[in-house]
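See structure below.
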Amino acid sequence: MDHSTSRYPFCIVWTPLPFISWFFPFIGHMGIAMSSGVIRDFAGPYHVSEDDMAFGKPTKYWQLKVNKARGGQNGWDRAVTDASEAYKKRMHNLFCDNCHSHVAMALNLMHYNERTNWNMVILAFCMLWNGKYVGLGGWLKTWLPFIFIILLSYGAYYCAVNPKMF
């Protein structure tokens, strides 16, 4: 891992989405890295970014084991490339065919961990439980807006039920 250059070989990476992650910090944008660490992410309709994630540098990563990919390193890179080529021809759909689906296709193509049933829900939970923050900055970028909104909401509620305090 090289956080300074955003190189995450054999990793699934994640970054928060503006507004959505502020209210639901477990929902975000996902990509998958090649063996070289270059990240591919389904960034929008008919577009797969390479080495430039749509919503900023990763704040979390989940390192996978290359020996669990059919074909090892070559199988990994081929699957990520094939999934990326397929998603360059697809319309983006926030709920059905999105960045998580792109990563799931790559994992299914490489038969990661002898499985071919990866999907966006499984990946969201796996990232939630297995993902590691790139550092304090990654944690803050993910959770600070949510904490601020919660505190602001609590303060507004407290002021509304205790108007004589002010």
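For reference, positions follow the sequence shown, starting with 1.
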> Is Ile27 reachable from Ile122 through a run of hydrophobic residues whose side-chain heavy atoms are each under 4.5 Å from the next?
Replying inline: no

> Donor-acceptor pair, Asp77 side chain versus Ser35 backbone, under 3.5 Å?
Replying inline: yes

>> Any heavy-atom pair between the side chains of Trp76 and Ile32 that's under 4.5 Å?
In response: yes

> Given His100 and Phe42, is the ring-ring contact (aromatic ring centres under 6.0 Å, His included) satisfied, shown in steps?
Replying inline: CA-CA 8 Å; His100 288 62; Phe42 185 38; over 10 Å; no

>> Assess whether a salt bridge exists between Glu114 and Arg70, defined as any Lys/Arg side-chain N lying under 4.0 Å from an Asp/Glu carboxylate O.
In response: yes

> Does Trp22 use its side chain to pair, donor to acceptor, with the backbone of Pro16 at less than 3.5 Å?
Replying inline: no

> Would you call Asp97 and His92 a side-chain contact if the rule is heavy atoms closer than 4.5 Å?
Replying inline: no

> Taking C-beta and beyond as the side chain, do Val80 and Met110 meet within less than 4.5 Å on heavy atoms?
Replying inline: yes

> Parallel, tilted or perpendicular: which describes the rings of Tyr61 and His3, with under 30° parallel and over 60° perpendicular?
Replying inline: tilted

> Relative to the ring of Trp118, is the ring of Tyr112 parallel (under 30°), tilted (30 to 60°) or perpendicular (over 60°)?
Replying inline: tilted

> Would you say the side chain of Arg115 lies within less than 4.5 Å of the side chain of Leu107, judging by non-hydrogen atoms?
Replying inline: no

> Do the rings of Tyr133 and Trp139 sit parallel, tilted or perpendicular, given the 30° and 60° boundaries?
Replying inline: perpendicular

>> Using a 3.5 Å distance criterion without hydrogens, assess whether the side chain of Asp41 forms a donor-acceptor pair with backbone atoms of Ala54.
In response: yes

>> Looking at Arg78, I'd like to know if its CZ atom is crowded, meaning that more than 12 non-hydrogen atoms belonging to other residues, nucleotides or ligands lie closer than 6.0 Å.
In response: no

